Amino acid sequence: MSSEILRLENISKRFGNIVACNELSVDFYPGTCTAVIGPNGAGKTTIMNIVAGSLIPDLGSVRWGGHELVGMSQHRIANLGIVRMFQDLKVFDGMTVYENLVVASGRGVGGWSLGKIERRSGQLIDETLQRLGLSGHANRLTHDLSYAERKLVALGRAICSGGKILLLDEPASGMDKASLKLVLDTVVSLRNSGAIIVIVEHNLSIVQELASYALLLEEGKIIASGEPAELYRNSNFGRVYFSLLQ
Amino acid sequence: MSEFLAILIQALYTGAEWALIAVGFGFIARTTNIFHLALGALFSVGGYAVFLLAVQYGLPLIPIVIVAAVLAGLLGSAIDRFIYQPVTGLYGQRKINHLAPFVTSLGVMIVLRNLIQLWFGASPIYIQQPDFGIADIGGAKVQAWNLLKVAISIAACFAFAVWLRRTRAGTSAMALGQSAEGASVIGVSEKTVRFQIFLATGCLAGLGGGLAILSHPTLPGDGFPIVLYGALISLILPKAGVMVWWLASVGAAFIYAQAITSIGGGWQDTILQGVLMLGIVISRVVIPGYQRYAMLRHGARQRQQGKDTGNSATTAKAAAQSDGR
Amino acid sequence: MAYWITVITFALIFGSLAVSYNISVGYVGMLSIAHAAFFSVGAYVYGYFGTVVGDGNWFIVAVLLAMAIAAAISIVVGVVITLLPEQFVIMGTFALQVIFTTLLINLTSITNGVQGIAGIPAPQIGPLVFDTREASLIMAAALAVFTLGLAWILLKSNIGLRSRAVRDDALAAQSMGISVRTVQVGFFAIGAMLAAIAGTIYAGVIGYIDPSTFTIETSVQLLSMVVIGGIGNPLGAMLGGIVISVLPPLLIEFNIGESSAAAIQQVLFGVAMIAVIMLRPRGLLPERLIARKRQAS
């Protein structure tokens, strides 16, 4: 796995009068899982979108592996090794579970090859299916699966893509106990293999379980950061999360 | 009369007919995401209904134009209720294949247009233009009927605009365009509103056809290129108001008429469509592309200058790999 | 019998055209309705060459030139339409098809306008001259086999899977490293080139072409063939093409007058399209019917 840091520097983004990111700077290190938390509208998904290339910031830079990612097309960023799991999953409904993983494992493979990439990646796909408990569903259309199963497919795609940076948007939401354990174990395992993992998550106990570091965002600025347990004691955390109760 | 004035006047007459489709098409596309190509056929339904009632039954013109418009409107609502809604589902959520909504509206247009042709034949039909005398405009002599036609078209579109803004039904229709599901939870019945908007836009199209057949020879397929122009106009100006679409229709008709005069020989369709498509490409590709380019250049310049305002948020360093888990 | 050989020949040509359209549109989720334009490129290139030069020896050259022209046009058009939001693509290509037909009518020095080009020689490949009904049938059958074969290979390969990903969810496909634009334009161009080949064969078989064959109505017929037959399924498109091509001669067999036959044919197309979308939205032969299941080892 690459030992390079993902560096965001002075990222700013406005949508009309709304400030989504406000001169935000942060480094993400390999082999770590960082949680980005904060109320709705704080800018969490905007950061994900900027790193993944689906949004261009008004100012600032995103650097990784010697590349400047701002202005790069989304598919090129994905081919560099930055993989995303969407909040609304975006699994390929017209394909089977197996086919979804085949597409993911083709990342970086020449787009016009006529050969079957499953010959190359078949073992990884089968292992992933087994690890996520999806072997029995391999030939089912993802359209027919439950939300939790579809989320596991989305996670399986992230695994099979061999990404070095994983952006996971709410990996725990909508999951039952058993599926949630699979998700947590998988994320931990990916982190331990040296990937940079960034998660956006509202469930604070999951954040504590998964992340070694957390960033608290409000109106596009990082107002506090640190290990989750410490962060929860921060006065800003209390103000942001509990001010409505006062 | 100068050539420019003559072309402008011709554009007003033609644009008045086109606008009655363009306005309906644009509004339906905005509120339901449906490309209601069948409006082209409803245009013809209105025209041929006027022909049938006037020539075969000898009824007076003004009432039958209204009847024909209402007939086209009811047909439009029926098309939505029995074809579009089952295909696209309410809230537009039923995803079948990516061509489904377009194919269904195209299918309806093809069926109606050819049914009209089977009934009335493929030759042009014509009704004697109503004689309201000659009007004098700046020295130019024009048929008063044509002026009346323009006035009726403006009045109909204006009434539609007022209905949208001032009535409960109209504002519900606008809400539907923002979010169908959201509108439903505040008590807007999507079925009722859709009935109303397809009725209203069908009436406008049918009115257009009725006015057209009283002005010039008409063929069953006449509504087809007009709905195409209307679609392109509404796509260039998706957020425009009803009267802006009316004016844009006259503008398109001006280009068409100018093309006939300057170049002639059957190029007018190509030129108009080419101009409209150029408008789309400029508004949807060139301008956003330039904006993206400008944004990237600005960002790159900032990076080169090493801009650091000192107000940046805390640079947080994630913990090293030994985090004990 | 001879008449029905001709009917089947044209049915195979239009079936192949439908398969090529399916590749352009059905595989990658493009919404183009300008495919008849590429068909006309092939027909007019061979029509022009064949009548200017005067024999069918230039057939292969015409095919290659037609493919090159169709590729060039389709790449330019494809890049532009993939930059547009979805709703613009349909209407834009609609307008493009109408413009193309008008060009065919008005560029009389090349196309001979509405009079068309007559006396197009039968295609010749080396010593083989395809100047009989049976020979034309063989040529059309070869085209059908080639087009189906290519469509099948594309569908089953890595690139086929990626095309389906693009069709299902373009944003997700991009996040998997797939260049959506490259895939869409690439398939659009392949379909266009196949349509051009079909056009050259059509011109050589029929011997006479005019703009009335290459109108928006033809593009709409292709759309109905693909929708009825099955989007994304090459066999379905071929089936749809053959069924729809055989319909007008069948109507004439029932003594329905030619002009009425055309209108009835259109009504039946329209009704069939609507009925299929409402009752069997994936078409008569949907994609999944023929997809082989992958077995997890």
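Computed from a predicted model, the values in this text were never measured in an experiment. Protein chains get the first letters and strands the later ones, always in sequence-line order, with residue 1 at the start of each.
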Comparing C:V220, C:T101, C:V271 against chain B, the one with the most heavy-atom pairs below 4.5 Å turns out to be C:V220

When the 4.5 angstrom heavy-atom criterion is applied to B:L232 and chain C, the contacting part is side chain

* To do: Can you establish whether the number of heavy atoms outside B:Y126 located under 6.0 Å from its atom OH is more than 12?
  => yes

Under 4.5 Å to a heavy atom of chain C? For B:F224 that would be side chain

Give the C-alpha distance, both sets of side-chain angles, the deciding distance and a yes or no for side chain to side chain contact (heavy atoms under 4.5 Å, CB included) between C:I99 and B:M277. CA-CA 11 Å; C:I99 290 174; B:M277 278 175 56; 4.1 Å; yes

Output for pair (B:I110 CD1, C:L268 CG), nearest 0.5 Å, gives 11.5 Å

CD1 of B:I280 to CD1 of C:I81, rounded to nearest 0.5 Å, is 12.0 Å

Rounded to the nearest 0.5 Å, the CG atom of B:L106 sits from the CD1 atom of C:I216 at a distance of 8.0 Å

> Parallel under 30°, tilted from 30 to 60°, perpendicular over 60°: which one fits the rings of C:F94 and B:F102?
Replying inline: perpendicular

Applying a strict 4.5 Å limit to non-hydrogen atoms, the region of C:Q265 in contact with chain B is neither

Closest non-hydrogen contact found for C:M273 with B:V103 is SD-CG1, 3.6 Å

When the 4.5 angstrom heavy-atom criterion is applied to C:I105 and chain B, the contacting part is neither

Nearest heavy-atom contact between B:V111 and C:V267 is CG2-O, 3.7 Å

One should read off an interatomic distance between C:M91 CE and B:L228 CG, to the nearest 0.5 angstrom, of 4.5 Å

Turns out that what part of B:L37 lies under 4.5 Å from chain C's heavy atoms comes down to side chain

